[in-house]
Amino acid sequence: MSAAAPTATVERAGWEAPASPRRSRRRRGWILPVYTVLVIAYLFLPIAVMILFGFNDLKGRFNFTWQGFTLRHYRDVLQFQELTLALRNSLLIAAVTTVVATILGTLVALALTRYRFRGRGSTNMFIFLPMATPEVVLGASLLSFFLTLGLPRGLLTILVAHIMFTISFVVVTVKARTHGFNREWEEAAKDLGATPWVTFWTVTFPLILPGIMAAAALAAALSIDDYVVTAFNSGQTSTFPLWVFGASRFGVPPQVNVMGTIIFVVGVALALATVAIQRRQGGAAPAPGGS
Amino acid sequence: MGEIDVRLIEVTKRFGDVVAVDRVSLDIVRGTFFSLLGPSGCGKTTTLRMIGGFEDPDDGRIELGGRSVAGLPPYRRDVNTVFQSYALFPHLDVFENVAYGLRRKRVPKPVIRTRVFEVLDLVDLPGFQGRRVSQLSGGQQQRVALARALVNSPRVLLLDEPLGALDLKLRKQMQLELKRIQREVEITFIYVTHDQEEAMTMSDGLAVMRSGRVEQVGNPEDVYEHPATEFVAGFLGASNLLPGSIEEREGEFGVVALSTGEKVRVPARTLNGAGPRVKVGVRPEKIRILPGSNPPEQADNAVRGRLRVSTYVGVSNQYQVDTPDGGTVTVYEQNLGGPGRWAPAPGEEVLLAWHPEHTFVVEPESSGVEQEGGSDE
Amino acid sequence: MGEIDVRLIEVTKRFGDVVAVDRVSLDIVRGTFFSLLGPSGCGKTTTLRMIGGFEDPDDGRIELGGRSVAGLPPYRRDVNTVFQSYALFPHLDVFENVAYGLRRKRVPKPVIRTRVFEVLDLVDLPGFQGRRVSQLSGGQQQRVALARALVNSPRVLLLDEPLGALDLKLRKQMQLELKRIQREVEITFIYVTHDQEEAMTMSDGLAVMRSGRVEQVGNPEDVYEHPATEFVAGFLGASNLLPGSIEEREGEFGVVALSTGEKVRVPARTLNGAGPRVKVGVRPEKIRILPGSNPPEQADNAVRGRLRVSTYVGVSNQYQVDTPDGGTVTVYEQNLGGPGRWAPAPGEEVLLAWHPEHTFVVEPESSGVEQEGGSDE
Amino acid sequence: GVRGTQEQPSPAASPSPLPAKSGELRVANWPLYIDLEGGKSPTLNDFEKQTDIDITYKEDINDNDEFFGTDLRQQLASDQPTGWDIITMTDWMIAKLSRLGWLEPLHHEVLPNATANLDAKFQDPYFDPGRKYSFPWAAGITGIGYNKKLTGRPITSINDLFDPAFKGKVGMFSEMRDTINFALFQLGVKPPDSATMDDIERAVELLTQQRDDGIVRAYYGNDYTDQLAGGNLALTMAWSGDVNYLKLDTPELEFVVPEEGGNRWTDNMAIPVHAEHPTDAHEWIDFVYQPDIATRITEWVWYESPVAGVQDLIREHAKSDRSLKPVANSGLVWPSEDVLANTYGYKILSEEEEAAWHDLFDPLVQG
Amino acid sequence: MAVAAERPGFGLRRGLVPYFLLVPGIAWLLVFYAIPTIQMFLISLQEGSLERGYQLTWHWATYGDVFSKYSTQLIRSVGYGLVVTLACLLISYPLAYFIALYGGRWKNALLFMVILPFFVSFLIRTLSWKFILADNGLFLGTIKQIGLLPDDFHVLATPIAVISGLIYNFLPFMALPLYASLEKLDRSLLEAAQDLYSSRAVAFLRVTLPLSLPGVFAGSLLTFIPSVGDFINATLLGSPNTTMIGNVIQRRMLISNDYPEGAAISFILMAGILVGVALYAKMLGTEELTG
Ligand SMILES: Nc1ncnc2c1ncn2[C@@H]1O[C@H](COP(=O)(O)OP(=O)(O)OP(=O)(O)O)[C@@H](O)[C@H]1O
Ligand SMILES: Nc1ncnc2c1ncn2[C@@H]1O[C@H](COP(=O)(O)OP(=O)(O)OP(=O)(O)O)[C@@H](O)[C@H]1O
Ligand SMILES: [Mg+2]
Ligand SMILES: [Mg+2]
């Protein structure tokens, strides 16, 4: 769709009031967007509270009741060295996990939906197992494995663990996209001299990108918020959730809220930036393809 | 004739129970324009897909340039395809769609630009390079698909109804362009079309397929004038087939007694091997329609009938004439018009006359063998 | 004529900068077969989509059965569409695809079965009910799309090149069926086709579109025999257009002096309002090609030329004849054949003759200013 | 794998000789349990400067059991170093670890500050007689925290936790030992060490009754604090230091050591076996036992310091720094002799007892 | 011409492609998931204690014991999981639908916003929810003041709180796969359906929904499986009568130090889930979906 088509869609969706005679259309046109905004508001509700309490001028240590407005936690956001370090670790781990798990998981998903081969059925079932395994078991058995290997716990083992338990989520999500993928585009690419590798990058990948992005987002969220498995395999490395859970014994400092707020605001800004960039490029997402 | 560029040897393809292509053998000479004709579902697309490398034959062997291509993936075959369903890349604009193959061949950027713009001009889509595929009309999409394949000047070009969505005028223009390119660049074209005129005017050779099998291969005039089977006769333009039995095989012209009782003369060579019961064919445009009162000319074959319908179709008038044995004969008459001309009225007795040279003979189809698309009149 | 079933009043649709449909007005009478013709990308599909309710016009008004349908969603219009791209449901088999509309109308199950099987027979796909869409050939898919719309017997049926992927024979058969259904069930058909013969034989009325605008509306013979513009003349079958200027407007036949110097007579009514510089048109099949030595008949228009190419196209022979002023005239001659007939050889001087009644006159296309697209007749 | 220790627990083993100082140290402590200033801990800085030891101080402990499970159990069971040189564990966990033989006996001779400055009342605890394995970091009391407004009356007794008037507004701990202790106090079984299995069964019965009567809202871990502050709980088992802090923002909260008794607990530094830098670990323990260092930590942490004289030093500082007033004189941070007399430790459990207790207690909190 | 010599074994290589795609991901799972989990499985058949050590005695009886002991929690967890999955499906479908079909250039931004709240700590989000849902907080307090609810009504520490927490936290696990599969929906099919007398609702039911089944399948499994095994929501938001099987496992392994029992419960859970997945795939009529 071009600059023109989305406008048309948006109009139909009722973001701009259409001309008068289209009453029925307008009516059903605003329900979905309003609903979407409501759900997102619901998702953001606790975030709003979090942001609010980042400004709480608390007197004690427990950030539970509103005491008044202050910016001092923003000034002192790096007050807790360990927290800062933990956050940095978590971001790093999430980034690496997302990239690696998304790649590995996407390959598996492609194999499972695009090819018939022996062991496909059992592989399909096997993929669900790590998701079904309780986190304590995942953490404890992986720790015991690392101990058997004599592998010191740290950043590396956390990464190994995170990649391990996010792969399945990626596979399942990407499969939802690649299922029933219309092969004729790939055939056309190959016909035009593209090797499977090039075909993948120039055709398959852009067309399944929405699925990959959804999977990557899930992987990132899973990794950045993981507590149990990380606790087992972190050794002397601290992560954001570990620190925050620990801190809850003596009161989670507002700096945690501030950091959450920063992550959130940067996230929203990035999201809006992509919109702006796409507007500038005048392009939009590829047209959906049937099967 | 030159070397064989594309050769199919007893190629078979099954989809489950469906035999889509059944022991097809074809030899296509380098640089020629070869058409595949046949009713819907007869296996044309499947044949092209096997040549392109998208399906593996279940049986038989395909050679390109004299070498078997079994297992050779599509991207290693110097073959490009215009897909029946276009298969344009939805995430790329028109320019990038067309440039796709050139980019893969690492053609320098400026050359790509020039060639893409050239070919877009050629398919009459100048200025469309920035459009998304979803912003094109059906015919425009088809032309992009054509451009995307053409721009690569491959050795073999497979075209699956490449002009089907175009209006007559544009189609004619594209036909000329295709023919010119094919001659100039010496590309081997394998061309699926439903437009018989297209097939007739453009092809050096053609094959008529039916239910996965090749019924007849030859050059266009041959196949048209001397269809080998009732099916081919019926498929290539309307044909009148009159049942009868052979009375006389000798001489330049044999004689067939029609079931109406009338006798017609047929070129003796077409009788070779035909059983006693045959069908006698004559193309509608070969028949002259004359007032029933006219005496038949000596040299002509002639049949009497009663006009049922006459239809005006621009270029010509069409007449449906009932014969005494319950059959129908179709006649096309050029619409020369003019106020003074005799025009038969429905219900009127008419005389249908044609030159024996234009008569051909085919074996009648044993019932039941017929598949979709093949119900003759 | 009966009541107007579908009426478009100054309907306009833009996609960004592209004006896909530009102030189109049409009146389509209930139960008639109306065709839309026009070059690729001229706005036919967009027009149908607005009637079907898939696009909202930016301007103007659409009425079905006399009532404006602005804002009425597609499922509340008793209109069915055969989409150019088929849009078959990939998750349903052929039976369920065809049964889809009936199920929505809560037709009893046994009736659905009967109707679906009937219509599958009609489109020559018996036994295909269990197939998935992906297991069909292109033409089979198109027929399923046709069946899916037909089975509902809607009040208005929009058909966007419904037979484009079928072979001639099947297409003819489908044409007859469509026409029969349209007459029997009194459905209003709005039919997009690129096959002019199809449009001519089947339509009660037709409109020729160009770049989003209607160039001419009328019944097929009218439009064919008396094209209103050079574009229409050229679009509906090859036309020979010879430039000239009006010398004489009076009487039954006016006189136009061609740029070759020869004078031709034209029906005076076609001269109405035409400027001094005009083009004189004659259809290729109206021209007889005669030996150059022949004297022209008194009653005929005649032009001399030299044969450049003759082509064999099955039904007819085509000749390209160069005229002295550098133009080309195309002639179709029915392939009556016969050994004794005179056939011109390339390079030979020929005489081209036709009856003045078959001559029409159009204004030459100057810049881009064409006359307003006719709304009603 | 999680192999069992074939090695016999040897609580009597004498300290193995200390290796040379390595210049490296890895300490695990609870978050926010050390002073901070401008993002750094002055104590840690001073330690590095003074001892030339590169300290990795990690706030890695969230929970005794969890830390045991994730950072100690499997490592030590398979005779591998845990990676920690100092861990900070609550008393009963120290007892459990020493029972398992998983703690390194301390070399008191290299702990001059610690041995000299350790307040007398911490010198010979029931869970680590003679401070063989551990030195306390901070201490506190488990009592009852309540919301004056919601209870409408001062709370003094464990009985109040069982009062149907507070139906659905009472919080108990999911921590087995704390909660069972309270039930024992209610039953008059004191000290808990004297409890028989019968007593425990009665205690759990009592608690089950309390739960089934709908008096208990839920069994909480650290998260009781927000429920107390948010007014969802009228009264709850609570840790002294928490309520101290909560009061600052929610003045209607009070902490009381019930008249039947409260739980006295300490968090203790100890060295796990196989620790790689035991010499440096000793230096750390001794370092934080310097009164001025301990004072600095306590002024930040607000839990009772086991280092003698710290309260006096804080009082001194409070004269110039008003913000230190509450901690300087708080009866919660510095419980009086009377209060302490009414507090008890936890019963030291054998492995079988522990398992038996869990079999009784777990169904209580898991419905 | 690029027609190379016929290479024997080419077909074989083609047949190996799926295995190449599988290898990195599956190998990762085999090494870091399967081996440790098998170790843990053997532990579930051990007897002993920390002090005495554990011996592998193939003590299958543990399985029977824990099954009867914890069947309440097991059933409750499955019940919660089903409710949560259904709720997530109902909430996220319209959301994913709108973003995928009408998101235009906002697509990626909206998608990102759905996942963004999950990048800030779980604990903080939950703390915020507890603040919002406090017995006399902003929300309930107000309603109580109007008199619509009895004074002692509360949400926290009830099944409602646990289920709501699960719904909130697993919403993106439903929404994202749904989005991934809806995004490829060919809109011309919806037009065709509407052309054939389907109201929007019917077109949705007959066309959109069936075509998005891969997304529904993926989403419901990504939601159901982890939510059945979840423990943290029940810990923070629940009460004794909302204990889930995850809490039991957590407590068995981390607090009672009973690995064999904890592991045994886990494996029962996993087996149950696998059977469920298989049945579910059958039910949706597409074993194809799992494969
Ligand atoms: N979504 C769109 N955005 C921009 N331009 C469009 C869009 N859809 C159609 N067009 C343009 O509008 C014009 C009319 O398109 P339409 O599909 O109606 O043509 P058509 O007459 O059906 O042509 P064809 O015979 O090739 O199918 C074309 O030039 C096309 O490129
Ligand atoms: N995947 C498939 N599974 C089963 N049958 C198939 C499949 N693909 C094609 N067929 C069948 O094989 C036969 C040949 O199909 P093919 O597409 O080659 O026909 P075609 O000659 O191109 O027809 P058209 O002119 O309609 O495009 C048809 O009857 C079709 O139904
Ligand atoms: Mg085909
Ligand atoms: Mg169109």
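First the proteins, then the strands, lettered A, B, ... as listed; each starts at 1. Reckoned from all heavy atoms, side chains included, excluding hydrogens, waters and symmetry mates. Please read these numbers as outputs of a predicted model, since none were measured by experiment.
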Revision key, fill the gap. dist D/Glu59:CD -> A/Glu82:CD (nearest 0.5 Å) comes out at 5.0 Å

**Study point:** Within-4.5 Å side-chain heavy-atom neighbours: A/Tyr227 and D/Asn62
**Key:** yes

Practice item. Examine whether an atom of D/Tyr303 lies under 4.5 Å from a heavy atom of chain A, and if so say whether it belongs to the side chain, the backbone or both; otherwise answer neither. Key: side chain

Check your understanding: Within a strict 4.5 Å, meaning less than it, do heavy atoms of the D/Leu246 and A/Phe64 side chains meet?
Key -> yes

Exercise for review: Please state whether the side chain, the backbone, both or neither of D/Thr82 comes within less than 4.5 Å of a heavy atom of chain A.
Suggested key: backbone

Practice item. State, with a plain yes or no, whether a side-chain heavy atom of D/Lys58 is found less than 4.5 Å away from one of A/Leu85. Key: yes

Exercise for review: Pick one of side chain, backbone, both or neither for D/Asp242, based on which atoms fall under 4.5 Å of a heavy atom in chain A.
Suggested key: both

Check your understanding: Do A/Gln67 side-chain atoms and D/Asp249 backbone N/O form a donor-acceptor pair below 3.5 Å?
Key -> yes

Practice item. Please tell me if the side chains of D/Gln75 and A/Leu143 come closer than 4.5 Å, counting only heavy atoms from C-beta onward. Key: yes

Practice item. Could you look at D/Pro81 and say if it's the side chain, the backbone, both or neither that has a heavy atom under 4.5 Å from chain A? Key: backbone

**Study point:** Over 12 foreign heavy atoms within 6.0 Å of CG, A/Leu272
**Key:** yes

Revision key, fill the gap. To the nearest 0.5 Å, atom CG of D/Asp60 lies from atom OG1 of A/Thr239 at 8.5 Å

**Study point:** D/Lys40 to A/Gln81 - nearest heavy-atom pair and separation
**Key:** CE-NE2, 3.0 Å

Check your understanding: Which atoms of A/Ser248 come close to chain D, meaning under 4.5 Å heavy atom to heavy atom: side chain ones, backbone ones, both, or neither?
Key -> both

Point to revise | Test item: D/Gln80 side-chain N/O and A/Leu147 main-chain N/O as donor-acceptor pair under 3.5 Å | key: yes

Review point. What heavy-atom pair brings D/Trp300 and A/Arg61 nearest, and what distance separates the two atoms?
Key: O-NH2, 3.0 Å

Study note, to complete from the structure: D/Gln74 and A/Phe232 have their tightest heavy-atom pair at NE2-CE2, 4.4 Å

